[in-house]
Amino acid sequence: MSLVLKDRYGRIHDYLRISLTDRCNFNCIYCTPQMEEAKKLDKKEILTFDELLRLVRIFTTEFGIRKIRFTGGEPMVRKDIIKFFEALSPIQKQTGFEFAITTNGALLHGNLPALKKAGLNRVNVSLDSLRPEVFRYITGSDKLDQVIRNILSLEEEGFKNTKINTVVIRNLNDTEAADFIDFFKRREITVRFIEFMPFQNNGWKKESFVSAEEIKNSIERRFHLDKTEDRHQIAELYQVRGFKAKAGFIRPISRHFCSECNRLRLKANGKMKLCLFDPAQNEIDLKELLRKGSSDGEIIKLVSESLSNKAKEHPGIYSLALGNKNSMKNIGG
């Protein structure tokens, strides 16, 4: 029988996000610190595939983790990533965890059949604009057409429940929400609009913030949205009436979902975060345990005990804006 990762507030943690690398082929403005060159991790600082496989086995067999999402940076830039996913497949078959990735979508072409064969269940794609000039400004890339082609190819390769993640920033892409719905309305795709969050030197300011309610209102001028229920979603989900697509709204700023949090985050450097906005002093260094030869039991004990340090909720927006020293690229989202 699996141990239950429950914190002092009764929240059960059964979802693990694993950052495979801090490297990315895009340079998104809300992800990368703007005021200084982001320090990249050396190869030796990143968890090896063998170390990751051991941790996946522990978290799924000992703690009953039901869902693992691999992120980056950009997970598809890591060398031999397909081989790693293939090696992961037997653990997934044994434990039945949901296997997902979040990607910018640019490197999916040619890899979708192999990803499907390896057991990948779901794909989330970050896409913040349908306009080439805005996409280029946000990402530093001209790959918009390629990303869209790859998104549309997911359905053809048999992937279901694809989600698009769109960070909304005022005076940049805040007028595009209904356009996203219109573009994907005939596809079984959920477009999730995410409130812009402050991270280290990522350009967040009060004037750039757009609430999920405002985004939703802009969509409802063109489409009718019917509320749906999904207890495992942090997004408020709506069916677009008359179409296959859904709209989702993620409100980390205007409406905390901390009371429903079921997530743990493992950074590429092997440090586990209890909260997306958690300060560094609350991180648990699993890489250190792995590399000094700790037993599974020692790792299990430290992870279990660490949940007592998880805060009830993250600070308010202005405290985050002033004090958040985290970089989204290093955390993995």
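As the structure is a computational prediction, the values presented were derived from the model and not from experiment.
When only modelled atom types and interatomic distance are considered, Asp14 and Asn262 share a side-chain donor-acceptor pair under 3.5 Å. Between the side chains of Glu195 and Ser211, no donor N or O sits under 3.5 Å from an acceptor N or O.
Every residue two or more places apart in sequence or in another chain that forms a side chain to side chain contact (heavy atoms under 4.5 Å, CB included) with Ser306 is listed here: Met272, Leu274, Ile284.
Formation of a donor-acceptor pair under 3.5 Å by the Glu313 side chain with backbone atoms of Ser259 is not found in this model. Of the possible polar contacts, one joining the Ser19 side chain to the Gly72 backbone as a donor-acceptor pair under 3.5 Å is found.
Using a 4.0 Å cut-off between charged nitrogen and carboxylate oxygen, Glu155 and Arg187 count as a salt-bridge pair. Comment: Asp179 engages Arg222 in a salt bridge, judged by a side-chain N to carboxylate O separation of less than 4.0 angstrom.
Separation of the Phe196 and Phe209 ring centroids does not fall under the 6.0 Å cut-off.
Within 6.0 Å of CD in Glu188 there are 12 or fewer heavy atoms belonging to other residues, nucleotides or ligands. Residue Lys271 qualifies as open at atom NZ: its count of foreign heavy atoms under 6.0 Å is 12 or below. Within 6.0 Å of NZ in Lys227 there are more than 12 heavy atoms belonging to other residues, nucleotides or ligands.
Atoms CG and OG, on Leu3 and Ser304 in that order, are 5.5 Å from each other to the nearest 0.5 Å.
Taking the six-membered ring where the residue is Trp, Phe70 and Phe85 present tilted rings, their angle falling between 30° and 60°. Ring pair Phe99/Phe97 is tilted by interplanar angle, where 30° to 60° counts as tilted.
For the pair Lys310 and Tyr9, the cation-pi test (distance below 6.0 Å, angle within 45°) is failed.
Sequence neighbours left out, not one pair with a member in residues 100-116 passes salt bridge (Lys or Arg N to Asp or Glu O under 4.0 Å). Listed by first and then second residue, the side-chain hydrogen bond (donor to acceptor under 3.5 Å, both in side chains) pairs involving residues 76-91 amount to none (not counting sequence neighbours).
Of the residues Phe159, Phe183, Phe184, the one that meets the side chain to side chain contact (heavy atoms under 4.5 Å, CB included) test with Ile151 is Phe184.
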